[in-house]
Amino acid sequence: MMKHNVGIVDDDDMVNTDVSISMSGDDELGDSSSCSASSSPPSPNSTASDRDCTEFDLKGLESNPKLLAIGRSMQDTFPTTTSHPTSPSKELQETTMFAQFRWQYLLAYIGIMLADGLQGTHLYVLYEGYGYSVASLYSLGFVSGAFSSPFTGAFVDKFGRKKAAMLYCLLEIVINYMEQYPILIGLVMSRVIGGITTNLLCSCFETWLVTEHRSRGFSEEKLEIILRDSGIVSNSAAILSGFLAHCLASALGPVGPFQGAVTTTFFALILVASLWTENYGDAGGVVLSFHGHIAGAFSTISKDSKISRIGLIQGLVEGALQTFVFLWSPALRQLSASAPSSTIGLDEYGEPAYGLIFGAFMACAVVGGFVAPISRRLVFSFLPLKRKKDLMANDEESHGLDPTPVNILCTLCYLVGAALLFVPCALTKDSPHAFSICFVSFMIYEFVVGVYVPSEGVIRSIYMPSESMCSIINILRIITNVAVALGVFSTTFVPIKASFAALSTMMIIAAVLQLSLIPQEEFHSFYVSVMESAHFWRRSSKLVSETKKIH
């Protein structure tokens, strides 16, 4: 309790009266704390506990209007405060907790992506060596994924993201064992199960991360950091997997990378089981049924056009990427026939070094992941000042993250990606430089992928509710699975050049749809700012050149 003695001069009797006004305050733990004070207000140098004691007790003053007026004046002078400055020790504790959470997620994710990269490098070569239709088997997985997508997300939200991640690891171990034997029924089953595990991979890990991050009270800026780290870790693991796959294939044949994938997936399973905690999808604490998760996700998608557009956009982009994963091997092989034997990217037999090329692709994607936040800040610098002030206001709808720079960056990346995927269409296979040109364009495309993939994760975290994110993502993955299945299966009848032309068209459509998410006035302001900057640099360079001529 704090007493303020205030000297009062009564106009009627001209007598000084000492009035005692009580102020009480609660400390950070909710316990009452006592504060002593003189007749003067607290100074700026007073302690936090002194400044917190600003809840006035005006009981007993109702009978004297003058004293009551003075008490209310004191209330206005020292308003009630409930906020407490964060101490350095608390900030250090929060930083330590976030670092621990960050590594709990990333260590398990490294193992997952290492195994995924090992099997991805030699899948085409393995199926071709078995003598089966590569396109049919590869597309079968995405057909399975399309049928299972609506139910996979609801299963994950209902029964838990950690358990779903562990199930993914167990199923992947089974798949990688099946792939090692040239038995058709086993390969068919592995692709059917693979469609389900691909849906799990693309949803349960990210939704566990976003939900757990917010439930622990970490800031949204740190979520953007860990999403960027996920992309970098994924691509870094893929670089290592490319090198390991090359070594294992040289020693054990095409099945070697799949044997390595079994081992790394098992270690990832142990890490998930021992380090992660469980979280679920719910709606404001209400436990939903399996049917409730599906119905809720469909309702959210149908009512929010932005979410449905994001699903279509990312479905087209992911479909183009997954189809590219299937096409780059035969495309480079076709062009390698006319390339000199000393060309970078070919092995000693004149064939594309698939493992090393895959590693090079992922290295470019890692660089793109590091460039992604720099690119977003660069786009943000061109936005008008009013939009920057709006971001500082911490818009609750976007969880404190500004969607405009991310949307603009993705639009630009999709357009650049469309141009790069069209390069194989403009090459002739008889040219000795065609292999190198195509190889370089593919590496730049992977760099662009490294830039936009973390940004897509940011977009999902902004627009999609975390309590039903997994269900929404998996329902929207129907678009991806159908696009890839049709794209890959059509390569049996359509030339490779026509397939790449289709991928380029898909990226252009995605760019146009992404542009529709940006308010027209904001994009116009961004465009004007870019043009003004370009005009300034042209004038500056012209002035410099004229100055050099004079001297």
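Predicted model only: the values in this text are computed from it and were never measured.
The aromatic rings of Tyr130 and Tyr127 lie tilted to each other, with the angle between the two planes from 30° to 60°.
Aromatic ring centroids of Phe205 and Tyr168 lie under 6.0 Å apart.
Proximity of Pro424 to Ile496: side-chain heavy atoms (C-beta onward) are nowhere separated by under 4.5 Å. Val416 has its side chain out of reach of Leu412: every pair of non-hydrogen atoms, C-beta onward, lies at least 4.5 Å apart. Using a 4.5 Å heavy-atom cutoff, the side chains of Cys169 and Phe266 are not in contact. Taking the side chain as every heavy atom from C-beta outward, Glu456 and Val317 approach each other to under 4.5 Å. Contact check for Cys438 versus Leu332: side-chain heavy atoms found under the 4.5 Å cut-off. Two residues are said to be in side-chain contact when any heavy atoms from C-beta on lie closer than 4.5 Å; Phe439 and Thr343 fail this criterion. Side-chain contact between Val255 and Glu179 is absent, with no heavy atoms from C-beta onward closer than 4.5 Å. Between Val174 and Leu170, the closest side-chain pair of non-hydrogen atoms is not below 4.5 Å.
Within the model, atoms CG of Leu167 and CD1 of Ile196 stand 9.0 Å from one another, a figure rounded to the nearest 0.5 Å. Taken from CD1 in Ile226 to CG in Leu209, the straight-line distance is 5.0 Å, to the nearest 0.5 Å. We find the CG-CZ distance between Leu106 and Phe101 to be 9.0 Å, quoted to the nearest 0.5 Å. Separation of atoms CD (Gln180) and CD (Gln259) is listed at 4.5 Å; rounding is to 0.5 Å. Distance check, rounded to the nearest 0.5 Å: CE of Met464 to CD1 of Ile459 gives 9.5 Å. Once rounded to the nearest 0.5 Å, the distance linking CD1 of Ile475 with CD1 of Ile307 reads 11.0 Å.
Phe98 carries Lys222 over the face of its six-membered ring, with the cationic atom under 6.0 Å from the centre and within 45° of the normal.
Arg333 and Ser329 form no side-chain donor-acceptor contact under 3.5 Å, judged by distance and modelled atom types alone. Side-chain contact of Arg477 with Ser203: a donor-acceptor pair under 3.5 Å is absent, judged by distance alone. Looking at Ser144 and Arg191, their side chains never bring a donor and an acceptor atom within 3.5 Å of each other. Using modelled atom types and a 3.5 Å distance limit, the side chains of Asp430 and Ser338 yield no donor-acceptor pair. Checking Glu172 against Gln119 by side-chain atom types alone, a donor-acceptor pair falls below 3.5 Å.
Remark: Phe267 pairs with Thr263 by the side-chain contact (heavy atoms from CB on, under 4.5 Å) rule, at least two apart or across chains. Take Tyr138 and apply the ring-ring contact (aromatic ring centres under 6.0 Å, His included) test, not counting sequence neighbours, and it matches Phe142, Phe326. Looking at residues two or more places apart in sequence or on another chain, you find a salt bridge (charged side-chain N to carboxylate O under 4.0 Å, His left out) between Arg460 and Glu206.
A donor-acceptor contact shorter than 3.5 Å links the side chain of Thr207 to the backbone of Cys204. Distance alone, capped at 3.5 Å, is enough to place a donor-acceptor pair between the Ser139 side chain and the Ser136 backbone. For Thr264 (side chain) and Gly260 (main-chain N/O), a donor-acceptor pair under 3.5 Å exists by modelled atom type. Side chain of Ser234 to backbone of Gly231: no donor-acceptor contact under 3.5 angstrom is found.
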side-chain contact (heavy atoms from CB on, under 4.5 Å) between Arg309 and Leu517, worked out
CA-CA 8 Å; Arg309 273 180 284 171; Leu517 294 172; 3.9 Å; yes

Step by step, work out the side-chain contact (heavy atoms from CB on, under 4.5 Å) result for Ser336 and Leu346.
CA-CA 8 Å; Ser336 65; Leu346 299 180; 3.7 Å; yes

Let me see the working for Lys162 and Val272 under side-chain contact (heavy atoms from CB on, under 4.5 Å), right down to the final yes or no.
CA-CA 7 Å; Lys162 175 184 175 180; Val272 171; 4.2 Å; yes

Would Lys497 and Leu427 count as a side-chain contact (heavy atoms from CB on, under 4.5 Å) here? Give the steps.
CA-CA 9 Å; Lys497 286 188 176 183; Leu427 298 174; 5.7 Å; no

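Partner of Ser148 under the side chain to side chain donor-acceptor pair (under 3.5 Å) criterion, out of Thr198, Asn481, Thr197, Asn199: Asn199 alone. Between Phe500 and the options Trp328, Phe422, Phe442, a ring-ring contact (aromatic ring centres under 6.0 Å, His included) holds for only Phe442.
Nearest approach of Thr480 to Gly319, heavy atoms of both residues: CG2-N, 3.9 Å. Heavy atoms only, all atoms of each residue included: Thr323 and Val484 are closest at OG1-CA, 3.8 Å. Pairing each heavy atom of Ser149 with each of Ile478, the nearest pair is CB-CG1, 3.6 Å. Taking every heavy atom of both residues into account, Ser455 and Leu409 meet most closely at OG-CD2, 3.6 Å. Closest non-hydrogen pair, Leu335 versus Phe435, comes out as O-CB, 3.8 Å. Across Tyr414 and Gln514, no two heavy atoms sit closer than the pair CE1-OE1, 3.5 Å.
Within a 6.0 Å radius of NZ in Lys429, other residues, nucleotides and ligands contribute 12 heavy atoms or fewer.
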